[in-house]
Amino acid sequence: FPVVPEKEKEEMQFAKKYLENFYDFKEEKSSLLKRKNLNPMADKIREMQSFFGLEVTGELNHKTLAMMKQPRCGMPDIRSYS
Amino acid sequence: TFPLSPKWKKEDVTYRILNYTPDMLQADVEEAIAKAFQLWSSVTPLRFTRVYSGQADIMISFASGFHGDFYPFDGPGGTLAHAYPPGSNIGGDAHFDEDENWTKFTTYNGYSLFLVAAHELGHSLGLGHSNVLGALMYPIYMARDTRDYKLPQDDIDGIQALYGRPKEPPALPTKAFPPQEPTEMTPAEATTEMPPRKEPTETTPSKAPVRPQDCDPHLSFDAITTLRGETLFFKGSYVWRKSPYFSDIEHDTISSFWPSLVAGFDAAYEVDKRDRVLFFKDNHYWAVSGYSIEPGFPKPIQNLGFPTSVRKIDAAVHDENTKKTYFFVGNKYWSFNENTQSMERGYPRKIASDFHGIGHTVDAALQKNGLFYFFHGANQYEVDIKSKKLIRKMKSNSWFNC
């Protein structure tokens, strides 16, 4: 469906939180990665898409977001709690 | 498994139920947890013993929000529970989010405590998540029939990689001495569990009905709604999607947008300002925002103010200008105030007395470009919203550029 603009920002926040909780995503503050134009969030989205057998695009498309919104266990998918 | 594959270095593991959810009878909570342990003891040498006081290896509790570890729960939906790998103190413990609706049976408006406990206890024994769809250790909750639930092979392989196979015939979880002290909590109000309702599955008659042709002159609809500028027409499990961005009509199914929703809506309408669409079937309704179903649904239509005598509605349409939603039932209609979230006084009223020229029931209703469209069978009636006067009559599928 068309995405309502403020919705997009909300969904990006939601996805960031999801990847932090379950895929050990840490938003890099350092500008180094930014200069290298590495997108750690896209990497983590790819990791999550690969885990769930989704098409690995690194983009937050609606199927990926819908999977993130499914009720689930609070344990990470790739790392135990510290 | 978890990194370094932590596991219990013994075969006798204890567990303690620290508190209960008010959603279920205590006995049902205890049975669900005992059954969950039995799943794992039946395929390993492990034996589980319940204790009623002091420290157990696996401490089981219900909590909501922040609850003493660094992983607060998140309200209804989302995270349902979590558990820690084998170890001392919090190691092995399992926490269940009290903000969920816990059920003894698998229903569509609650989570089976047995299924979630079986998954979490997998973590308490040292298993991580599986990406095998259908495995118990798959991270996403999959509602399924739990009456004679069998542990999937992927989970058996995982747990036996840690603990090996059972030695003697599968051991039932042994009960410890009867509690010396009253159980930890005063018995919560016993909630009588609804008997398991049939899962709302899509009606799958022996031969799936074929989608009618777009320009079939007899085409009628179950429900119609706008959604973020587009218009969706529903019939059975089919959706016709008309978008201002594309010229042709897209053909979809309800399950392609909302996999867990039943087919055969009775009514649907959008509250544009809230980016919210409500779907109605029988005496329940769901709210969605785009593809996401809002947590806590379905709800009974009586929540909107309908009397119990109303078992389903025929059609619904929202008027963005007045913030009123009209619900059509038989030859009457109600007016619902979206601001106050309550039915207006003086309703229901006869449709024919207010909407001149609409002398029959309404199958579906749509609000577009400041006009109402009432659908009845293969015809639709364009009505001016303000004067409620009939403007013209057309075929129901006139929107499909026939």
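Naming convention: chains lettered A, B, ... in sequence-line order (proteins, then strands); numbering from 1 in each chain.
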**Student:** So which part of B/S130 gets closer than 4.5 Å to some heavy atom of chain A, the side chain, the backbone, both or neither?
**Tutor:** backbone

**Student:** Which one of B/T79, B/I140, B/L227 has the most heavy-atom pairs closer than 4.5 Å to chain A?
**Tutor:** B/I140

**Student:** Using a 6.0 Å cut-off, check whether atom CE of B/M142 has over 12 heavy atoms from anything other than its own residue.
**Tutor:** yes

**Student:** Under a 4.5 Å cutoff for heavy-atom pairs, which residue among B/D275, B/L80, B/V116, B/D74 has the most contacts with chain A?
**Tutor:** B/L80

**Student:** Need one label for B/E100: side chain, backbone, both or neither, based on atoms under 4.5 Å from any heavy atom in chain A.
**Tutor:** neither

**Student:** For a 4.5 angstrom cut-off between non-hydrogen side-chain atoms, does B/P139 reach A/M75?
**Tutor:** no

**Student:** Should the ring pair A/F52 and B/Y138 be called parallel, tilted or perpendicular, given that the plane angle runs from 0 to 90° and is split at 30 and 60?
**Tutor:** perpendicular

**Student:** Which atoms of B/F257 are under 4.5 Å from chain A, going by heavy atoms: the side chain, the backbone, both sets, or neither?
**Tutor:** side chain

**Student:** Kindly compute the distance separating NZ (A/K69) from CD (B/E294), expressed to the nearest 0.5 Å.
**Tutor:** 10.5 Å

**Student:** Please determine whether the number of non-hydrogen atoms from other residues, nucleotides or ligands lying under 6.0 Å from atom NZ of B/K368 exceeds 12.
**Tutor:** yes

**Student:** Quick check on B/L232 against chain A: is it the side chain, the backbone, both or neither that has a heavy atom closer than 4.5 Å?
**Tutor:** side chain

**Student:** Do you know which two heavy atoms are closest between A/C73 and B/H123, and how far apart they sit?
**Tutor:** SG-NE2, 3.4 Å

**Student:** With distance as the sole test, does B/H129 use its side chain to make a donor-acceptor pair with the main-chain N or O of A/P76 at under 3.5 Å?
**Tutor:** yes

**Student:** Could you look at A/M68 and say if it's the side chain, the backbone, both or neither that has a heavy atom under 4.5 Å from chain B?
**Tutor:** neither

**Student:** Any heavy-atom pair between the side chains of B/Y111 and A/P71 that's under 4.5 Å?
**Tutor:** yes

